[in-house]
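Note on naming: letters A, B, ... go to the chains in the order of the sequence lines (proteins, then strands), and numbering restarts at 1 for each one.
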There are 2 protein chains.
Amino acid sequence: MKVSASKENHLKAIFHLQQEQGIVTTNALAAALKTRPASVTDMLKKLKDQKLLIYERYKGFKLNAEGKKAAIQVIRKHRLWEFFLVRKLQFGWEEVHEIAEELEHISSRKLVDRLDSFLGFPDTDPHGDPIPDGQGRFHTQRQKCLCELPLNKEVQVSGIASQTTEMLEVLQYNHIQLGTRLEVRKKFPFDDSLEVKVRNRPPVTISAQVAKNVLVKDDEPFAEKR
Amino acid sequence: MKVSASKENHLKAIFHLQQEQGIVTTNALAAALKTRPASVTDMLKKLKDQKLLIYERYKGFKLNAEGKKAAIQVIRKHRLWEFFLVRKLQFGWEEVHEIAEELEHISSRKLVDRLDSFLGFPDTDPHGDPIPDGQGRFHTQRQKCLCELPLNKEVQVSGIASQTTEMLEVLQYNHIQLGTRLEVRKKFPFDDSLEVKVRNRPPVTISAQVAKNVLVKDDEPFAEKR
DNA sequence: ATTACTTTTTAGATTTGTCTAAATTATATT
DNA sequence: AATATAATTTAGACAAATCTAAAAAGTAAT
Ligand SMILES: [Mn+2]
Ligand SMILES: [Mn+2]
Ligand SMILES: [Mn+2]
Ligand SMILES: [Mn+2]
């Protein structure tokens with residue numbers, strides 16, 4: 001049974017939504033996919049027929065084991081392509097999502113596995129999200145946001161939660177990017193802004209809003225594997 | 001105006017057909033695309049509406065300048081991806097066509113150009129076909145088939161016209177592959193078979209049928225550009 | 001010029017994925 | 001419990017791409 005691009009998009013979105021809530025609702029999915037609730041209902045019937053999810057009308061739905069497996073494969077493809085685009089083709093991390101949204105639907109399994117190998121089996125995509133391996137396993141995200149970090153502990157930036165051009169601008173200005181090593185020196189309770197010391201640079205101050213979107217990890221997220 | 005994957009496939013097939021005949025027929029296109037004549041007629045109307053081809057009913061058709069440009073971009077994508085698959089992901093040249101048939105429909109122009117650059121601006125795909133550059137220019141095929149080659153001139157294999165598994169088997173057996181340097185030592189007029197000397201190997205004999213499908217060039221078709 | 005054959009087009013259906021508007025079911029409020 | 005509101009589903013429509021079967025146009029042969 002074939003899974004079309006649209007079905008793959010649905011599976012992926014359902015998977016992400018059910019990470020947070022256990023059960024997914026029609027409206028939430030429609031919003032996530034920028035489609036209409038009626039369209040979602042239509043698709044749900046098809047996915048149910050293909051035995052990829054558990055669904056009873058008016059009662060919400062969630063992926064079954066089979067559906068989860070399929071969703072993870074799409075996510076794997078998406079993130080591997082993003083990694084490829086940034087690492088090999090010199091794209092910026094803010095411009096790869098859209099392209100990967102197309103590339104993730106190329107069907108050859110062999111292609112994905114070869115790509116994975118070519119890239120050196122990376123485990124984190126350019127946004128800091130984990131890349132599932134060939135069996136669908138991936139390390140659970142142990143990223144924290146900058147705002148919930150203890151003082152004076154050096155960490156490495158491993159992801160950016162929301163990457164708008166404006167956000168990027170601030171980070172660029174403060175010399176913060178993926179892989180940057182830094183530590184939090186001070187917290188200002190008044191506005192929750194932080195003094196951040198980037199290694200080899202003078203300290204800078206960033207707002208709570210920005211801090212909330214900077215994700216960090218203890219160990220290297222982006223080790224070169226050439 | 002968007003050009004769907006199916007439209008791109010049609011454009012590409014028309015382009016190839018009109019290389020040989022100036023004008024293309026409905027049946028020929030249907031055969032090339034493994035679709036039905038009625039479906040071709042349907043698509044022709046759409047392509048005409050999008051001003052990509054010249055078409056009068058019952059009178060055949062051909063691409064206009066606009067259509068040719070679009071077709072060449074698809075061919076460019078197809079061949080660049082094939083090159084990528086063989087060179088970077090270690091695929092065999094006989095298995096890349098199908099995958100490239102999907103990859104060629106990824107729309108980002110920037111992606112194609114970056115890929116081109118990443119690959120070192122190759123000008124020949126793994127089957128010996130020329131890869132159009134960013135402006136749609138490509139060297140006209142100056143490949144010859146082995147059978148029309150002068151004696152004792154060393155050349156390099158630059159393409160295989162028809163690559164079936166059976167054909168591959170013969171070539172593999174005789175240590176002939178893309179890039180192999182060889183020369184024709186003798187021609188047997190009786191059956192037009194050839195004695196071929198592959199560099200650093202004892203001479204072998206190949207049939208006229210095989211020779212007809214081995215394309216060669218004088219200069220390096222596959223120079224490493226790292 | 002008729003007739004016979006081939007090629008191409010039209011007419012009408014089908015599948016997939018989407019939509020709007022209306023109906024239904026669930027949930028919340030009095 | 002009755003009613004209002006929100007969420008979800010159904011009904012019916014549409015666009016894209018394909019198909020089969022039948023009609024129309026072109027070509028060739030007597
Ligand atoms: Mn997608
Ligand atoms: Mn990502
Ligand atoms: Mn294709
Ligand atoms: Mn090729």
Side-chain angles (χ1 to χ4, degrees), chain A residues 1-14 17-18 20-63 67 70-71 74 101-102 104-107, chain B residues 1-14 17-18 20-63 67 70-71 74 101-102 104-107:
Chain A
M1 197 123 292
K2 348 105 233 208
V3 179
S4 65
S6 178
K7 276 176 193 152
E8 287 191 335
N9 287 337
H10 279 77
L11 290 174
K12 197 168 52 123
I14 297 169
L17 286 171
Q18 81 181 26
E20 291 138 38
Q21 306 102 38
I23 208 103
V24 188
T25 72
T26 302
N27 276 354
L29 184 52
L33 289 169
K34 287 175 182 160
T35 179
R36 298 314 197 128
S39 309
V40 166
T41 304
D42 289 343
M43 188 57 88
L44 288 178
K45 287 178 199 157
K46 294 172 200 164
L47 292 175
K48 188 191 179 181
D49 288 349
Q50 275 173 73
K51 300 193 204 309
L52 294 169
L53 54 71
I54 294 144
Y55 166 55
E56 273 180 282
R57 72 199 197 303
Y58 290 105
K59 300 203 69 176
F61 47 90
K62 62 178 173 180
L63 299 177
V74 181
E101 204 56 52
E102 285 185 60
E104 72 189 356
H105 304 295
I106 304 294
S107 56
Chain B
M1 197 125 291
K2 358 125 212 184
V3 179
S4 66
S6 179
K7 276 176 192 152
E8 287 190 334
N9 287 337
H10 280 76
L11 290 174
K12 197 168 52 121
I14 297 170
L17 285 172
Q18 83 181 26
E20 291 138 38
Q21 305 102 39
I23 207 102
V24 188
T25 72
T26 303
N27 275 354
L29 184 52
L33 289 168
K34 287 176 181 160
T35 178
R36 297 315 195 128
S39 310
V40 166
T41 303
D42 288 344
M43 189 57 87
L44 289 177
K45 287 180 200 157
K46 293 173 201 165
L47 293 175
K48 189 192 179 179
D49 288 350
Q50 274 174 72
K51 299 194 206 307
L52 293 169
L53 54 72
I54 294 144
Y55 166 54
E56 274 181 281
R57 75 198 192 302
Y58 291 105
K59 300 203 67 176
F61 47 91
K62 61 178 175 181
L63 300 178
V74 182
E101 203 57 51
E102 284 184 60
E104 71 189 357
H105 304 295
I106 304 295
S107 56

Student: Can you check the I23(A) CD1 to dA7(D) P distance for me, whole Å?
Tutor: 17 Å

Student: Of the options dT9(C), dT9(D), dT18(D), whose atoms approach the side-chain atoms of T41(B) most closely?
Tutor: dT9(C)

Student: Over how many whole Å does the gap from R36(B) atom CZ to dA16(D) atom C1' extend?
Tutor: 20 Å

Student: Nearest 0.5 angstrom please: I106(B) CD1 to E104(A) CD, how far?
Tutor: 9.5 Å

Student: For the pair made of CG in D42(A) and C1' in dA11(D), what is the distance, rounded to whole Å?
Tutor: 11 Å

Student: Can you measure E56(B) atom CD to dG26(D) atom C1' for me and round it to whole angstrom units?
Tutor: 14 Å

Student: With a cut-off of less than 4.0 Å, is there a side-chain N or O of S4(A) near OP1 or OP2 of dG17(C)?
Tutor: yes

Student: Contact class for T26(B) vs. all strands (heavy atom < 4.0 Å): base, sugar-phosphate, or nothing?
Tutor: sugar-phosphate

Student: I want to check one thing: is the phosphate of dA17(D), taken as OP1 and OP2, less than 4.0 Å away from some side-chain N or O of T35(B)?
Tutor: no

Student: Rounded to whole Å, how long is the line connecting atom NZ of K34(B) with atom P of dC19(D)?
Tutor: 13 Å

Student: Looking at dT9(C), I'd like to know if its phosphate oxygens (OP1 or OP2) sit under 4.0 Å from a side-chain N or O belonging to Y55(B).
Tutor: yes

Student: Reckon K45(B) touches a base, only the sugar-phosphate, or nothing at all at heavy-atom distances under 4.0 Å?
Tutor: sugar-phosphate

Student: Shortest non-hydrogen contact from L11(A) to A71(A)?
Tutor: O-CB, 3.7 Å

Student: Short question: side chain of E8(B), backbone of V74(B) - any donor-acceptor pair under 3.5 Å?
Tutor: no

Student: Over all heavy atoms of both residues, which pair between R36(A) and A30(A) is shortest? Give the atoms and the distance, please.
Tutor: C-CB, 3.8 Å

Student: Indicate the atoms forming the closest heavy-atom contact of E102(A) with H105(B), along with that distance.
Tutor: OE1-O, 4.0 Å

Student: Please check the phosphate of dT7(C) (OP1 and OP2 only) for any side-chain N or O of T25(B) closer than 4.0 Å.
Tutor: no

Student: Could you please name the option among dT18(C), dT9(D), dT20(D) that lies closest to any side-chain atom of A38(B)?
Tutor: dT20(D)

Student: Between atom NZ in K46(A) and atom P in dG17(C), what is the gap in whole Å?
Tutor: 5 Å

Student: Touch check for S39(A), heavy atoms < 4.0 angstrom, all strands: base, sugar-phosphate only, or nothing?
Tutor: base

Student: How close or far is atom C1' of dT25(C) from atom CG of N27(A), stated in whole angstroms?
Tutor: 14 Å

Student: Does F61(A) reach a base, just sugar-phosphate, or nothing at all? Heavy atoms under 4.0 Å.
Tutor: nothing

Student: Roughly how many Å is it from OH in Y58(B) to C1' in dA24(D), rounded to a whole number?
Tutor: 4 Å

Student: When you get a sec, tell me which of dA17(D), dG17(C), dT9(D) is the closest nucleotide to the side chain of R57(A)?
Tutor: dT9(D)

